[in-house]
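Below: one structure, written as structure tokens.
These numbers were taken from a predicted model, which means no experiment stands behind them.
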Amino acid sequence: MTGPLTTRPCTLPLVEVCVTEFDLACLPATGAVFDRLVALRPAQVVVDLSGCRHIDAAAIGLLLDVHRRLARIDGVLTVRNPNPRIRRILHTARLDQILPIVDTAPSSPPGTPPAERGPTAAPPALVAHGRASVRAAT
């Protein structure tokens, strides 16, 4: 007889990923990056698409897969800053009804001096920053 399933807590509160190419050609490499991110068990993954000019059905499928995998571990996938064309594509695919799609500024990179804090200010949350170059082999 087995006991109740135990879930491990999230290990990182936030992981931000900037994606500049998001189509079938780079999907294997991009998928591998997301596999590694999900293995970290983050509470939230933010995919910044501000530098991305194109997204296709395969990329939308990958976003849905990552969303499902994160939801299983109580994580959230958010899409940030898609250009108007990509926003229309995400809306047409009804992804905007499944994932939060936001227009916000990225959080401060490491080494940025913190804003002036008052005595009641909460300590800053741990944020993992990184850069991954994902290119399709030609």
Side-chain angles (χ1 to χ4, degrees):
M1 191 153 153
T2 60
L5 293 175
T6 58
T7 58
R8 296 184 321 204
C10 295
T11 58
L12 291 172
L14 174 64
V15 176
E16 296 179 353
V17 182
C18 294
V19 177
T20 56
E21 295 180 39
F22 211 7
D23 56 18
L24 184 60
C26 64
L27 213 58
T30 306
V33 170
F34 281 118
D35 288 344
R36 290 184 190 126
L37 290 178
V38 172
L40 295 172
R41 305 183 62 80
Q44 181 178 19
V45 173
V46 176
V47 178
D48 189 317
L49 295 178
S50 60
C52 187
R53 296 178 52 181
H54 177 72
I55 190 169
D56 65 10
I60 290 172
L62 178 61
L63 286 174
L64 286 170
D65 180 57
V66 172
H67 161 73
R68 281 186 216 107
R69 291 167 57 197
L70 285 170
R72 283 188 214 125
I73 60 170
D74 295 325
V76 177
L77 177 66
T78 301
V79 174
R80 180 174 60 208
N81 297 333
N83 66 38
R85 181 177 172 276
I86 291 178
R87 183 177 289 276
R88 277 191 307 276
I89 292 168
L90 297 175
H91 175 73
T92 301
R94 299 186 187 258
L95 216 62
D96 58 344
Q97 295 179 9
I98 299 168
L99 303 176
I101 299 175
V102 298
D103 290 317
T104 60
S107 62
S108 302
T112 303
E116 198 171 309
R117 294 186 194 143
T120 59
L126 174 64
V127 178
H129 289 273
R131 179 178 301 246
S133 296
V134 179
R135 297 184 193 269
T138 53

Minimum heavy-atom separation for Pro82 and Asp103, please, with both atom names. CD-OD1, 4.0 Å
Closest non-hydrogen atoms of Ala59 and Leu27, given as atom of the first, atom of the second and distance, are CA-CD1, 4.0 Å
Using 0.5 Å steps for rounding, measure from the CG atom of Asp96 to the CZ atom of Arg94. 8.5 Å
Here the gap from His91 atom NE2 to Gln97 atom CD, rounded to the nearest 0.5 Å, amounts to 7.5 Å
Salt bridge flag under 4.0 Å for residues Asp35 and Arg69: yes
On a heavy-atom basis, the closest approach of Glu21 and Thr30 is O-OG1, 4.3 Å
Examine Val76 and Val45 and state if one hydrophobic cluster contains both, with Ile, Leu, Val, Met, Phe, Trp and Tyr joined whenever side-chain heavy atoms are less than 4.5 Å apart. no
CG on Leu63 to CZ on Phe22, rounded to 0.5 Å: 4.0 Å
Interatomic distance, Glu16 atom CD to Asp48 atom CG [nearest 0.5 angstrom]: 7.5 Å
Roughly how far apart are Ile55 CD1 and Leu90 CG, rounded to 0.5 Å? 5.0 Å
What's the shortest heavy-atom distance between Leu99 and Leu77, and which atoms? CD2-O, 3.8 Å
May I ask whether Ile86 and Leu24 are part of the same hydrophobic cluster, defined by side-chain heavy atoms of I, L, V, M, F, W, Y residues being less than 4.5 angstrom apart, directly or through others? yes
Value rounded to 0.5 Å, distance of CG in Leu70 from CG in Leu37: 8.5 Å
Qualifying residue for side-chain contact (heavy atoms from CB on, under 4.5 Å) with Val19, from Val33, Leu49, Val79: Leu49
Counting N and O atoms only, with roles assigned by atom type, does the side chain of Asn83 sit under 3.5 Å from a partner on the main chain of Cys52, one being a donor and the other an acceptor? yes
Minimum heavy-atom distance Leu95-Ile101, with the two atoms named: C-CD1, 4.4 Å
Applying side chain to side chain contact (heavy atoms under 4.5 Å, CB included) to Arg88 and not counting sequence neighbours gives Pro84, Arg85
Between Pro13 and Ala43, which heavy-atom pair has the shortest distance, and what is it? O-CB, 3.4 Å
Test side-chain contact (heavy atoms from CB on, under 4.5 Å) applied to Val102 and Val46, step by step: CA-CA 10 Å; Val102 298; Val46 176; 5.8 Å; no
